[in-house]
Amino acid sequence: MTLIETLVSVKPGSALAQAMEKRAEILRLSEAAHDAVLLPRDPGGISHGLRAALAARMARQNNNLALASHYDTLVTQADDPATATLTDPENNVTDPRTAEIVRHADRLTVAPRDATRANVEALRQVGVTDADIVRLAELAAFVNYQVRVLAGLKLLGEMR
């Protein structure tokens with residue numbers, strides 16, 4: 001069972017389960033995207049722990065506590081003490097690089113249309129590479145995709 005199926009709590013044999021069976025390839029690809037974005041072989045300058053902590057934060061900003069809990073588990077598994085405070089909405093991060101990454105992730109989650117070239121330049125100014133800026137955008141896009149898929153499936157499940 002994929003993460004999406006687990007978080008939606010699909011009842012076996014339900015109309016929603018049958019519909020999702022017809023979309024098994026999409027679910028499989030979503031699971032593969034999860035692993036590629038959250039647990040890549042080469043995380044670059046954004047560690048697995050930081051990715052998970054940012055994802056948990058994004059899920060919380062979208063009021064999806066079940067998804068946030070999943071990412072909290074990945075934070076714990078990463079065993080990276082520096083990422084523990086990132087789930088705090090107050091964002092009391094003192095490292096300038098991490099603080100800018102968190103600000104940008106928040107922006108991409110809450111107000112993506114407000115992201116500008118100046119924001120990208122601010123990331124560069126604190127040492128975030130172009131490849132890591134792309135990785136951060138991929139992470140935000142993926143988590144926000146997950147949130148929307150989960151919300152849509154939950155609504156479909158309630159309609160049946």
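Given the structure is predicted, the values throughout are model-derived calculations rather than measurements.
Between atom CD of residue Q61 and atom CG of residue N144 there is a gap of 8.5 Å, rounded to the nearest 0.5 Å. Taken from CG in D72 to CG in L65, the straight-line distance is 9.5 Å, to the nearest 0.5 Å. Interatomic distance, CG of L153 versus OG of S9, reported as 11.5 Å (0.5 Å rounding). Put simply, CD1 on I4 and CD1 on I26 are 9.5 Å apart, with the number rounded to the nearest 0.5 Å. Atom CZ of R97 and atom CD of Q125 lie 14.0 Å apart (nearest 0.5 Å). Here the straight-line distance linking atom CG of L139 with atom CD1 of I46 works out to 7.5 Å at 0.5 Å rounding.
Remark: the backbone N or O of D114 is not paired with any side-chain donor or acceptor of R107 at under 3.5 angstrom. At least one donor-acceptor pair closer than 3.5 Å links the side chain of D42 to the backbone N or O of G44. Looking only at distances, a side-chain donor or acceptor of R51 sits under 3.5 Å from a matching main-chain atom of P43. Using modelled atom types, no side-chain atom of N64 and backbone atom of R60 make a donor-acceptor pair closer than 3.5 Å. Judged purely by atom type and a 3.5 angstrom limit, E5 uses its side chain to pair as donor or acceptor with the backbone of T2. A distance-only check finds a donor-acceptor pair linking the side chain of S14 to the backbone of K11 [under 3.5 Å].
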*Begin with the C-alpha distance, continue with both residues' side-chain angles, and end with the deciding distance and a verdict on side-chain contact (heavy atoms from CB on, under 4.5 Å) for N119 and L123.*
CA-CA 6 Å; N119 302 131; L123 287 165; 6.0 Å; no

*With side-chain contact (heavy atoms from CB on, under 4.5 Å) as the test, would you mind laying out the steps for L74 and H70 before giving the verdict?*
CA-CA 7 Å; L74 293 182; H70 165 73; 3.9 Å; yes

*Test L16 against V8 for side-chain contact (heavy atoms from CB on, under 4.5 Å), laying out the working first.*
CA-CA 10 Å; L16 182 56; V8 173; 3.8 Å; yes

_Verdict with reasoning, L136 to D132, per side-chain contact (heavy atoms from CB on, under 4.5 Å)_ = CA-CA 6 Å; L136 181 58; D132 287 336; over 6 Å; no

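Under the 4.0 Å criterion applied to side-chain N and carboxylate O atoms, R135 and D130 are not assigned as salt-bridge partners. Note on E100 versus R103: salt bridge recorded, some NZ/NE/NH1/NH2 to OD/OE distance being below 4.0 Å.
Clustering ILVMFWY residues whenever any of their side-chain heavy atoms sit less than 4.5 angstrom apart, transitively, puts V110 in a cluster other than the one holding V147. Cluster annotation: L7 and Y145 are assigned to the same hydrophobic cluster (Ile/Leu/Val/Met/Phe/Trp/Tyr, side-chain heavy-atom contacts under 4.5 Å, transitive).
Between V75 and A53, the shortest heavy-atom distance links the atoms CG2-N, 3.3 Å. Here the closest non-hydrogen pair linking A59 and A68 is CB-N, 3.5 Å.
Not counting sequence neighbours, A78 has no partner by the side chain to side chain contact (heavy atoms under 4.5 Å, CB included) test. Legend: residues meeting side chain to side chain contact (heavy atoms under 4.5 Å, CB included) with S69, ordered by chain and number and at least two apart, are absent.
Inspection of the D106 and T109 side chains reveals no N or O donor paired with an N or O acceptor under 3.5 Å.
Between H34 and F142, the ring planes are perpendicular. Angles over 60° get that label, and only those under 30° would be called parallel.
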